[in-house]
Amino acid sequence: IAPYSHQPSAPASKEVWKKGGRMFSILLAVHLALLACTLVSSGAFEKIAVHDYDVFFLLTVMMLIVIVWIIFYLVSTARCPDAILCRDSHAGPIWLRGGLILFAIFSLVMDVFKIGYYSSFYSCLSAIKIIYPIVQAIFVVVQTYFLWMSAKDCVHVHLNVTRCGLMLTLTTNLAVWMSAVTDESVHKAHSKLKKNVTDDLLRWLLKVGMRSSSTDVCNCNSQICQIFKNGYFWLYPFNIEYSLFASAMVYVMWKNVGRFIEHHSHHIHRLKFRLFRRTFFVGIVLGLIILVSGLGVLIVYEVQVNSITESTNKSQALTMYYIFNIVCLGLMSLVCIGGSVIYRFDKRDMDRHKNPTRTLDVALLMGAALGQYAISYYSIVAIVASTPRDAISALNLTYALLMIAQHTFQNIFIIEGLHRQPPKEDHKHGSRQKDLCGLTFVNISAVSLRVPDSGSTLAPSTAPGAEASLPSDLVRSLTAPKKMNWRRKCLREISMFLLLSNIILWIMPAFGARPHFDNDTELNFYGDSMWPAIVDICLPFGIFYRMHAVASLLEVYI
């Protein structure tokens with residue numbers, strides 16, 4: 001009897017109570033998040049004695065603490081002996097880190113605009129409003145470097161300190177995100193009021209309702225001041241996405257603290273730019289058409305909605321917006337259904353290994369979709385219950401229904417792809433072709449060759465008639481890399497189309513195309529206070545969903 005052989009198992013963790021350390025860090029994060037949420041929401045209203053500089057002071061202190069901890073981690077924790085015994089190859093993929101750097105660059109530009117804008121009112125503003133963007137810029141630089149270098153770490157020293165530091169980092173990013181979303185919402189509400197009411201009425205509304213910015217009492221008459229003001233508000237979407245991307249990466253690091261990676265799941269994925277290889281270009285061309293058309297619709301929409309004579313131009317802009325989105329969402333739903341059907345013929349095994357990154361991706365896709373689900377269902381109820389129905393209402397109803405369907409089908413398509421084993425045909429066939437093509441004289445009887453699509457191997461001790469089939473098997477193995485599975489080609493075309501379509505559906509609401517505020521049906525049904533609050537709460541999740549869907553598609557299919 002042969003001796004029992006087994007794979008070497010991961011070493012046992014030295015931590016006595018792993019859940020206890022996690023519980024303490026979670027409690028710390030919950031209390032800080034509730035405190036930040038209370039201050040941010042209170043600072044948005046005039047009647048509450050909480051000012052925006054109180055919120056900035058809290059966020060500045062939190063960011064400074066996180067900066068100190070990150071420096072401690074990079075200098076001390078990461079350099080300890082046996083601190084990082086393994087690295088999670090699934091955590092911090094290159095697409096996510098690349099997107100993080102892109103959003104970080106725009107966030108730094110936003111901080112520069114903020115510093116320039118607030119510096120124009122240094123005499124009538126609190127100093128914290130100038131200190132805050134400076135500290136935020138330092139925080140963005142330090143955190144981006146930290147996540148780029150350490151996103152894959154599985155730390156095994158200073159466990160509780162590391163968990164608390166990561167949770168503090170996550171909470172700080174969420175607090176900055178809440179502050180940015182609130183600031184942007186207040187700014188858009190003020191802009192809409194200024195367009196529809198007189199200056200005297202605006203002052204009265206701001207006194208009884210939402211707080212005006214502290215810079216409103218100062219004069220911003222210079223052109224450079226207006227450029228700074230408009231610039232940093234236009235860059236808010238990038239800062240919002242940066243905070244959410246960083247929060248997702250920090251959460252995965254927190255899950256990997258004290259974790260040992262199993263040997264069979266520790267793969268090293270190298271970036272291969274195969275974007276335009278082995279494709280029919282159908283998905284790319286169709287996606288580019290949708291992207292360019294969407295940019296044109298966005299420009300026309302912004303011009304017509306913000307024009308003075310908005311009675312006729314507003315309805316035309318809404319009609320154009322809804323028609324474009326109905327066509328785009330309909331195509332995306334159809335290709336997602338087609339992709340799910342193709343999966344029924346896919347022979348790849350399901351990946352059942354423990355993977356915190358994939359678990360987080362699925363949770364974020366399902367959770368972020370709830371924001372758009374909520375807006376769509378509120379719209380459906382308002383349209384159906386309202387008595388006067390016109391063409392715009394019918395388009396709005398179709399748009400809401402297709403939005404629900406598209407999110408559902410796309411989630412099914414992406415999540416099923418996340419749970420599939422990655423294709424290994426290219427690597428196997430490519431390495432085999434490279435090895436066999438370099439052979440001049442080969443002893444065929446001494447080669448054990450795996451025949452593609454059969455699981456059998458040919459050993460030297462095969463039957464005499466088997467040697468005659470070896471050359472043909474060798475030819476088939478050399479020609480196999482030239483063929484690509486039709487299922488993989490179709491999935492790649494579908495993913496490219498979905499990727500470009502999700503990009504334009506992120507750009508449109510992120511940069512001002514929000515028919516929820518321009519369509520009177522929901523405003524008249526729910527009121528001027530309830531409906532904007534619903535949209536302000538739910539829409540950031542819908543915007544984040546689009547970017548996370550892009551990152552997931554890049555991760556799985558490209």
Side-chain angles (χ1 to χ4, degrees), residues 70 74 87-112 136-153 166 169-170 173 176-177 180 235-256 267-277 279 283-284 287-288 291 295 355-358 360-362 364-365 368 410 414 417-418 422 492 495-507 510-511 543-558:
I70 289 177
L74 296 174
R87 293 169 66 85
D88 186 2
S89 60
H90 298 283
I94 188 64
W95 306 108
L96 190 59
R97 288 184 290 166
L100 185 76
I101 290 180
L102 177 64
F103 291 134
I105 293 173
F106 284 105
S107 297
L108 291 176
V109 176
M110 184 200 71
D111 290 328
V112 172
Q136 187 180 22
I138 300 173
F139 171 74
V140 168
V141 173
V142 174
Q143 181 178 243
T144 304
Y145 175 79
F146 164 69
L147 292 176
W148 180 269
M149 299 299 296
S150 307
K152 300 178 180 293
D153 291 354
L166 289 171
T169 307
L170 188 148
N173 281 285
V176 172
W177 170 74
L235 292 172
Y236 257 134
F238 296 101
N239 182 248
I240 291 171
E241 298 301 327
Y242 172 82
S243 299
L244 294 177
F245 269 50
S247 299
M249 297 178 69
V250 169
Y251 174 78
V252 174
M253 286 189 65
W254 178 79
K255 290 287 289 184
N256 283 332
H267 305 292
I268 298 177
H269 298 280
R270 302 184 184 277
L271 179 64
K272 296 181 180 180
F273 292 95
R274 299 179 298 178
L275 195 62
F276 301 105
R277 289 176 54 192
T279 59
I284 298 173
L288 287 175
L291 180 62
L295 291 175
N355 189 343
T357 305
R358 182 177 58 209
L360 178 63
D361 287 338
V362 174
L364 290 177
L365 284 172
Q410 183 170 263
I414 295 177
L418 288 171
R492 187 167 293 176
S495 64
M496 282 304 307
F497 172 73
L498 291 176
L499 186 147
L500 295 172
S501 300
N502 277 285
I503 289 176
I504 188 59
L505 292 181
W506 171 78
I507 291 175
F511 291 94
I543 295 174
F544 172 71
Y545 171 84
R546 294 298 177 186
M547 288 309 300
H548 191 68
V550 170
S552 299
L553 289 167
L554 287 171
E555 173 87 12
V556 179
Y557 301 104
I558 306 302

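- Here NE2 of H548 is found 16.0 Å from CD1 of I543. Values are rounded to the nearest 0.5 Å.
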For this session: Determine, stepwise, if the pair Q143 / Y242 fulfils side chain to side chain contact (heavy atoms under 4.5 Å, CB included).
Result: CA-CA 11 Å; Q143 181 178 243; Y242 172 82; 3.0 Å; yes

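- Between L365 and S552, some side-chain heavy-atom pair lies under the 4.5 Å cut-off.
- Residues Q410 and Y545 form a side-chain contact, since some pair of their non-hydrogen atoms from C-beta on lies under 4.5 Å apart.
- Between the CE atom in M249 and the CG atom in L166 there is a gap of 12.0 Å [rounded to 0.5 Å].
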For this session: Show your reasoning for whether side chain to side chain contact (heavy atoms under 4.5 Å, CB included) applies to V550 and W506.
Result: CA-CA 10 Å; V550 170; W506 171 78; over 6 Å; no

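- Checking each of F238, W148, W177, F103 against F245 for a ring pair (Phe, Tyr, Trp, His ring centres under 6.0 Å) leaves exactly one that passes, namely F103.
- M253 has its side chain out of reach of T169: every pair of non-hydrogen atoms, C-beta onward, lies at least 4.5 Å apart.
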Exercise. Would R546 and I507 satisfy side chain to side chain contact (heavy atoms under 4.5 Å, CB included), going step by step from the backbone distance to the final call?
Worked result: CA-CA 9 Å; R546 294 298 177 186; I507 291 175; over 6 Å; no

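- In this structure, CG in L288 is found 11.0 Å from CZ in F497, a value given to the nearest 0.5 Å.
- Not one N or O on the side chain of S501 forms a donor-acceptor pair closer than 3.5 Å with the backbone of L498.
- From I70, atom CD1 reaches atom OH of Y145 across 11.5 Å, with rounding to the nearest 0.5 Å.
- Proximity of L553 to N502: side-chain heavy atoms (C-beta onward) are separated by under 4.5 Å at one or more points.
- Between the CG atom in L500 and the CD1 atom in I284 there is a gap of 7.5 Å [rounded to 0.5 Å].
- N239 has its side chain out of reach of D111: every pair of non-hydrogen atoms, C-beta onward, lies at least 4.5 Å apart.
- The shortest non-hydrogen separation linking R358 to L418 is CD-O, 3.1 Å.
- Two residues are said to be in side-chain contact when any heavy atoms from C-beta on lie closer than 4.5 Å; R97 and K152 meet this criterion.
- For the atom pair OG of S243 and CG of L100, the computed distance is 10.0 Å after rounding to the nearest 0.5 Å.
- For the pair I504/L295, a side-chain contact is recorded, criterion being any heavy-atom separation below 4.5 Å from C-beta on.
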Exercise. Going through the distances and angles, do T144 and I101 end up as a side chain to side chain contact (heavy atoms under 4.5 Å, CB included)?
Worked result: CA-CA 7 Å; T144 304; I101 290 180; 3.9 Å; yes

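- Taking 4.5 Å as the limit, every side-chain heavy atom of W254 sits out of range of all side-chain heavy atoms of L170.
- Residues P237 and A510 approach most closely at CG-O, 3.0 Å, considering heavy atoms.
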